[in-house]
Amino acid sequence: MFLIFVRQPGRILWMMMLMLLSLDISAAQLLQGDPDETLHATASRAEPTLVRVESRHIARVYGAEGDFTAVPDSETGAAYIKPMADKSHISLFITDESKHTWKLLLSITDKPADTIIIKPKNKPGKAVEAGLDMERNRAIKHVILALESPQNSGMEARAVNRVVPLWNDVMFVLTSTLDGRYTGEKYRITNTSSQQLVIDERELYRAGVVAVSVEQPVLNPGEVSDVFIILENPHEQ
């Protein structure tokens, strides 16, 4: 073996680099998306999963109490996530040092842990565009908060209570709306089937929709969740 390494160092080095590269690719889940997008990944049930944001430090990890533990790594700015609840899916929010937030929908598996890398889509060097994106995200979050607690927002939401056809074995009710720079719609979704329901936010997008937020993306039979859909308001553009 030592003779092979000496005679063909270039070839051996190249083979070793390919092996290391393949290991790195298989050991990481690269998630690319804009802030406020929902990103899908898997996490180990038995081992901590390393989550990091490319070139940034994680400032906060939050989600439903009891669903997971989050241990920060102050040196690297990453966080170790370990599921605690007996669920097939959990959702959590990752906020970086630039106050950008991503929602992670994690499928829990019995496989060994790997690394989740969040890669922002924003192009570097465009400060004006980044500032506009942050202003837009703040406005969208304000609409969602207003729909959740209209009495504390200074914005007026209108009660609707109208059933909207969606999927089989699902009750989807439009409960309130709000108009402003963006139009906000709040729905109540109920799983009326005998099977677990996993809500994919991408299926709720339609023309004009800029953001979708599902309070509880995994519903057991009979369970209920609030859904918020935010649209462009053509009269405010």
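Quick note: numbers below take in every heavy atom, side chains included, and nothing from hydrogens, waters or symmetry partners. Every value quoted in this text rests on a predicted model; they were computed, and no experiment measured them.
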Please check: side-chain N/O of [X] versus main-chain N/O of [Y], any donor-acceptor pairing under 3.5 Å?
| X | Y | answer |
| --- | --- | --- |
| T177 | G184 | no |
| T190 | T192 | no |
| S225 | Q216 | yes |
| D96 | K99 | yes |
| K103 | V214 | yes |
| W102 | G33 | yes |
| N191 | G222 | no |

When you compare the side chain of [Y] with that of [X], does any pair of heavy atoms fall below 4.5 Å?
| X | Y | result |
| --- | --- | --- |
| F93 | L104 | no |
| I81 | T69 | no |
| I118 | E54 | no |
| V61 | L92 | yes |
| V160 | K186 | no |
| M171 | V163 | yes |

Salt bridge or not between D179 and R158? Use side-chain N to carboxylate O under 4.0 Å.
yes

Note: R181-E232 ion pair, threshold 4.0 Å (strictly below):
no

Classify the side-chain pair [X]/[Y] by whether it contains a donor and acceptor separated by less than 3.5 Å.
| X | Y | answer |
| --- | --- | --- |
| Q196 | N220 | yes |
| R188 | T175 | no |
| R56 | H100 | yes |
| Q29 | T42 | yes |

What about I144 and V173, same hydrophobic cluster or not, with Ile/Leu/Val/Met/Phe/Trp/Tyr joined at side-chain heavy-atom distances under 4.5 Å?
no

Of the non-hydrogen atoms in W167 and E203, which two are nearest, and what is the gap between them?
CZ2-OE1, 3.5 Å

Nearest heavy-atom neighbours spanning G77 and H57:
CA-ND1, 3.4 Å

Cation-pi, Y205 ring and R202 (6.0 angstrom, 45 degrees):
no

